[in-house]
Amino acid sequence: YMTHQTSLTSQPVSAVEPDWRREKKDFFEWNPSKSLLASIRRYQHSYQLFYVLKPICKIVAVAQHRFWSVVTGADIPLNTQIAGGLLIPHPNGIVIHPDVKIGPNCLILQQVTIGSVEGGGTPSIGGHVDIGAGAKVLGGLTVGDHAKIGANAVVLIDVPANKVAVGVPARILG
């Protein structure tokens with residue numbers, strides 16, 4: 001299963017304090033996933049700007065978001081509540097419902113869907129959660145801090161902190 005640590009230290013990744021270095025990219029670096037996240041951050045930050053600058057910044061952020069969404073093939077709405085330090089190394093096919101809450105320092109791999117089911121709520125993802133390729137996390141459930149979701153798992157139940165969920169439908173290991 002996937003584990004990741006901060007690149008500059010050997011300390012475990014925090015589930016509470018976002019590590020913004022994980023989202024930072026060099027100015028000329030070609031990194032569509034980080035550019036997509038940057039456009040979402042710019043849009044969310046535009047609400048705090050001076051009145052005259054707000055509409056201009058929103059328009060630019062929306063245009064950038066649309067461009068990077070097409071380039072990456074990801075559907076991550078501008079108003080999704082994403083804490084800092086998110087890693088999406090291969091963003092192709094990622095679909096996230098706008099009401100989902102994602103904690104700090106999470107890792108989401110390709111083809112992941114995080115959304116609702118008919119008549120249910122949306123997931124709340126804790127801090128430092130690793131979600132494997134092709135996983136589906138559906139409904140009004142909670143995934144605890146430091147949890148791991150296996151590749152292609154279909155999670156329909158709560159995942160406690162520090163546990164691993166695998167299978168279709170997912171079951172908790174350990």
Side-chain angles (χ1 to χ4, degrees), residues 1-4 15-16 18 22-23 32-47 58 61-174:
Y1 292 98
M2 305 128 327
T3 60
H4 56 281
V16 179
R22 294 159 54 104
E23 291 186 20
S33 63
K34 289 183 179 181
S35 297
L36 175 63
L37 281 173
S39 69
I40 293 169
R41 303 286 182 212
R42 271 192 285 284
Y43 179 82
Q44 293 172 347
H45 178 40
S46 70
Y47 284 100
K58 277 187 179 179
V62 167
Q64 289 174 334
H65 180 261
R66 288 183 181 170
F67 174 78
W68 290 113
S69 291
V70 170
V71 169
T72 60
D75 182 7
I76 304 173
L78 284 166
N79 58 343
T80 304
Q81 294 180 37
I82 302 171
L86 178 65
L87 286 179
I88 47 174
H90 305 288
N92 182 267
I94 293 175
V95 178
I96 299 177
H97 190 281
D99 295 335
V100 168
K101 294 181 180 94
I102 299 175
N105 304 324
C106 289
L107 170 69
I108 300 175
L109 295 179
Q110 65 273 16
Q111 301 296 324
V112 167
T113 300
I114 306 174
S116 64
V117 291
E118 192 169 333
T122 55
S124 177
I125 310 294
H128 188 231
V129 172
D130 295 349
I131 303 177
K136 312 297 180 247
V137 182
L138 305 171
L141 57 91
T142 300
V143 178
D145 294 344
H146 302 290
K148 303 205 180 331
I149 309 295
N152 294 316
V154 178
V155 180
L156 302 170
I157 58 172
D158 288 347
V159 180
N162 300 303
K163 295 293 183 180
V164 177
V166 295
V168 180
R171 65 189 192 289
I172 308 303
L173 299 181

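Any value given below was found using the heavy atoms of this structure, including those in side chains, with hydrogens, waters and symmetry copies removed. Residue numbers run from 1 in the order of the sequence given.
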Enquirer: Working note: V159 + L141, criterion side chain to side chain contact (heavy atoms under 4.5 Å, CB included); need CA distance, chi angles, decisive distance, verdict.
Expert: CA-CA 8 Å; V159 180; L141 57 91; 5.6 Å; no
Enquirer: The test is side chain to side chain contact (heavy atoms under 4.5 Å, CB included); show your working for H128 and H146 and say whether it passes.
Expert: CA-CA 5 Å; H128 188 231; H146 302 290; 2.8 Å; yes
Enquirer: Between K136 (side chain only) and G134 (backbone N and O only), is there a donor and an acceptor less than 3.5 Å apart?
Expert: yes
Enquirer: Can you check whether I76's main-chain N or O pairs, donor with acceptor, with H65's side chain at less than 3.5 Å?
Expert: yes
Enquirer: Where do S116 and D99 land on the side chain to side chain contact (heavy atoms under 4.5 Å, CB included) test, with the steps shown first?
Expert: CA-CA 9 Å; S116 64; D99 295 335; over 6 Å; no
Enquirer: In a check of side chain to side chain contact (heavy atoms under 4.5 Å, CB included) between L107 and each of V129, L87, I131, I149, which one passes?
Expert: L87
Enquirer: Closest heavy-atom contact between V155 and A165?
Expert: CG2-CB, 4.3 Å
Enquirer: As an exercise, state the distance from CD1 of I94 to CD1 of I114, rounded to the nearest 0.5 Å.
Expert: 8.0 Å
Enquirer: Identify the two heavy atoms, one from I172 and one from D158, that lie closest to each other, and give their separation to 0.1 Å.
Expert: CD1-O, 3.9 Å
Enquirer: If you compare all heavy atoms of L78 against all heavy atoms of Q44, which two are closest, and at what distance to 0.1 Å?
Expert: O-NE2, 3.0 Å
Enquirer: Answer yes or no: does atom NZ of K101 have more than 12 heavy-atom neighbours from other residues, nucleotides or ligands under 6.0 Å?
Expert: no
Enquirer: With no hydrogens and no angle check, is any side-chain donor or acceptor of S69 less than 3.5 Å from a backbone partner on R66?
Expert: no
Enquirer: Would you say S33's side chain and I88's backbone share a donor-acceptor pair under 3.5 angstrom?
Expert: yes
Enquirer: At their closest point, which heavy atom of V166 faces which heavy atom of G150, and how far apart are they?
Expert: CG1-CA, 4.2 Å
Enquirer: Using side-chain heavy atoms (C-beta onward) and a distance below 4.5 Å, is Q111 in contact with N152?
Expert: no
Enquirer: Within this structure, what is the CD1-CD distance for the pair I82 and E23, rounded to the nearest 0.5 Å?
Expert: 8.0 Å
Enquirer: CD1/I96 to OG1/T80 distance, rounded to the nearest 0.5 angstrom?
Expert: 6.0 Å
Enquirer: Main chain of A161, side chain of D145: is a donor-acceptor contact present, judged purely on distance under 3.5 Å?
Expert: no
Enquirer: What are the two closest non-hydrogen atoms of A147 and P160, and how far apart are they?
Expert: CB-O, 3.9 Å
Enquirer: Strictly distance-based, threshold 3.5 Å: is any side-chain N or O of Q110 a donor or acceptor partner for the main-chain N or O of P91?
Expert: no
Enquirer: Kindly give the heavy-atom pair with the smallest separation between P89 and I108, and that separation in Å.
Expert: CD-O, 3.8 Å
